[in-house]
Amino acid sequence: MESRRLQERILAGILLCGLLISYTNLNLMSHTPSPPRVKANNSSPPADPEVRSLPVTLKALEPERFPKIFVYPLPVRFHSAMVAQSQSCNSSMFSAEVHFHRYLMSTPSVRSEDPDAAKFFYIPVYSTCNLTTPRPQVLRTGADPHRWQRRMVADALEWLDSHDSYSHYLWGRGGLDHILTATHDFGRCFTHRDVGKGVTTSDGLGRFLGILRSMVYLQYNGDTHAGASCYEAGRDVVLPPVSKFEYELPEEMMESMQPVGSALKSPWRAMFRGTTEFKWFGRQDPGYSRGVRQALRRLYGEGETKNEGVVVTVAGEKVGAGEYLREMAEASFCVCPRGYAGWTQRFADSVKAGCLPVGEGFFVDD
């Protein structure tokens with residue numbers, strides 16, 4: 001339990017430090033004074049009774065050191081009700097959107113109950129939870145699952161715009177002071193097919209295009225290579241993906257893991273377990289992983305081989321979290337190739353297992 005609390009505090013610390021940078025850039029970009037704000041009649045809702053009380057011990061999270069965040073009181077259908085329907089939203093690698101919202105609601109020192117006193121406005125929409133919820137029509141017809149994700153964000157913005165107490169804040173600075181979580185593959189692009197185009201405008205988002213382009217996004221994607229448009233340095237905040245080990249394995253098992261690099265095992269072992277191909281709506285996608293995973297299987301086959309003194313294991317079959325952790329813990333190097341996006345959960349899993357992660361495609365700012 002304590003490590004899970006620590007994980008939520010780490011996510012919060014990364015985010016709040018990132019917001020300091022975003023807030024500085026916001027002041028530099030906005031030279032015109034904000035129009036007068038209308039006093040809101042509503043305050044943010046009480047914390048979810050299931051939210052844990054998290055003691056904040058990190059000095060960096062002292063209240064006076066950070067700009068306050070106002071959490072919009074959106075109906076529960078946009079957030080907590082979804083977790084009640086699908087518990088995987090609470091424990092999957094995409095679940096940072098859930099944990100950060102819980103952190104805000106359980107930590108009054110970083111939150112403002114008065115929107116006039118807030119520097120940032122958080123929109124609590126679990127759009128990635130909505131994206132990853134299984135739907136019969138997707139499986140049956142190959143419908144694009146991202147449309148439900150986009151529609152949910154559009155519905156939340158419509159809700160805010162329809163309430164006089166909040167619409168002024170939504171439009172006041174053109175979205176520069178608003179925060180939205182996007183913890184799926186490509187962050188602000190909403191779907192991999194929008195890479196290079198910035199924020200998508202389909203499924204009701206077009207009317208809010210200016211706001212969406214200006215928002216601060218909390219996301220896993222930090223790709224800054226030439227041509228990338230799904231991450232804006234100095235504005236968006238890159239969060240680490242949630243490790244599957246946190247919620248699927250006993251605490252004592254995690255505590256027994258050795259620190260990364262504490263002792264390289266002998267003989268040296270390198271391992272990768274995961275899919276080496278991907279079908280998008282029933283069709284094989286040759287662009288998946290940019291061919292890296294496919295090359296691993298082509299070079300080393302399935303199973304264990306030895307190459308220049310290094311034992312290399314490549315496996316595609318899924319195993320339980322405990323077996324997966326054991327494999328990583330026994331390896332010296334854990335290969336972490338990209339999937340569609342440059343980031344990968346395997347990086348976080350490897351570190352927790354005490355295995356040196358080896359990857360390509362990690363593009364982040366210096």
Side-chain angles (χ1 to χ4, degrees), residues 5 8-9 11-24 26-27 30 33-84 96-127 153 155-181 211 214-218 237 239:
R5 291 180 176 179
E8 291 184 352
R9 296 209 303 271
L11 286 173
I14 292 172
L15 172 98
L16 293 174
C17 291
L19 287 182
L20 278 179
I21 299 173
S22 296
Y23 182 55
T24 302
L26 168 63
N27 288 332
S30 181
S34 300
R37 287 173 166 172
V38 179
K39 182 76 172 181
N41 296 323
N42 299 37
S43 61
S44 55
D48 188 320
E50 295 184 358
V51 172
R52 299 186 294 268
S53 177
L54 303 180
V56 181
T57 58
L58 302 181
K59 187 172 180 60
L61 300 186
E62 289 295 328
E64 67 273 9
R65 297 175 65 88
F66 291 95
K68 294 296 187 290
I69 303 171
F70 178 76
V71 180
Y72 282 120
L74 287 174
V76 294
R77 70 175 185 271
F78 291 105
H79 42 84
S80 55
M82 301 188 65
V83 177
E97 62 183 2
V98 177
H99 300 304
F100 182 70
H101 182 209
R102 287 180 174 175
Y103 174 82
L104 283 181
M105 298 311 298
S106 61
T107 313
S109 61
V110 299
R111 205 175 68 243
S112 173
E113 300 289 346
D114 179 5
D116 284 332
K119 300 302 182 183
F120 283 99
F121 296 80
Y122 180 66
I123 306 174
V125 179
Y126 297 171
S127 65
V153 173
D155 287 346
L157 295 176
E158 291 281 1
W159 188 93
L160 292 173
D161 189 38
S162 67
H163 287 72
D164 292 340
S165 297
Y166 307 116
S167 61
H168 181 78
Y169 299 101
L170 178 65
W171 296 98
R173 303 193 75 173
L176 287 171
D177 51 2
H178 278 60
I179 304 168
L180 189 67
T181 49
I211 290 177
S214 299
M215 282 183 183
V216 175
Y217 286 80
L218 315 185
V237 180
L239 300 176

Quick check: closest heavy atoms across [X] and [Y], and the distance to 0.1 Å?
| X | Y | result |
| --- | --- | --- |
| Pro115 | Phe121 | O-CZ, 3.5 Å |
| Ser167 | Asp161 | CB-O, 3.4 Å |
| Ala117 | Lys68 | O-CB, 4.4 Å |
| Phe70 | Asp114 | CD1-C, 4.3 Å |

Pair Asp116-Tyr169, side-chain donor/acceptor within less than 3.5 Å = yes
Nearest-0.5 Å distance that lies between atom [atom1] in [X] and atom [atom2] in [Y]:
| X | Y | atom1 | atom2 | value |
| --- | --- | --- | --- | --- |
| Arg173 | Ile211 | CZ | CD1 | 13.5 Å |
| His79 | Ser127 | NE2 | OG | 13.0 Å |
| Ile69 | Thr107 | CD1 | OG1 | 10.0 Å |
| Phe78 | Asp155 | CZ | CG | 5.5 Å |
| His101 | Ser80 | NE2 | OG | 7.5 Å |
| Leu104 | Ser112 | CG | OG | 12.0 Å |

request  = Report yes or no: does Arg111 contribute a side-chain atom to a donor-acceptor pair with the main-chain N or O of Met105 at less than 3.5 Å?
outcome  = yes
ask   = Do His163 side-chain atoms and Trp159 backbone N/O form a donor-acceptor pair below 3.5 Å?
value =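 Indeed, once roles are kept as given, a pair shorter than 3.5 Å links the two residues.
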key: Sequence-distant partners of Thr181, side chain to side chain contact (heavy atoms under 4.5 Å, CB included), two or more places apart   =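 By the side chain to side chain contact (heavy atoms under 4.5 Å, CB included) rule, Thr181 matches Glu97, Tyr122, Leu218.
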ask   = Only one of Tyr72, Tyr166, Trp171, Tyr217 clears ring pair (Phe, Tyr, Trp, His ring centres under 6.0 Å) with His178; which?
value = Tyr72
ask   = Any side-chain heavy-atom pair from Val216 and Phe120 closer than 4.5 angstrom?
value =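 Side-chain contact under 4.5 Å: yes.
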ask   = Should Leu160 and Ile123 count as side-chain neighbours, where that means a heavy-atom distance under 4.5 Å?
value = yes
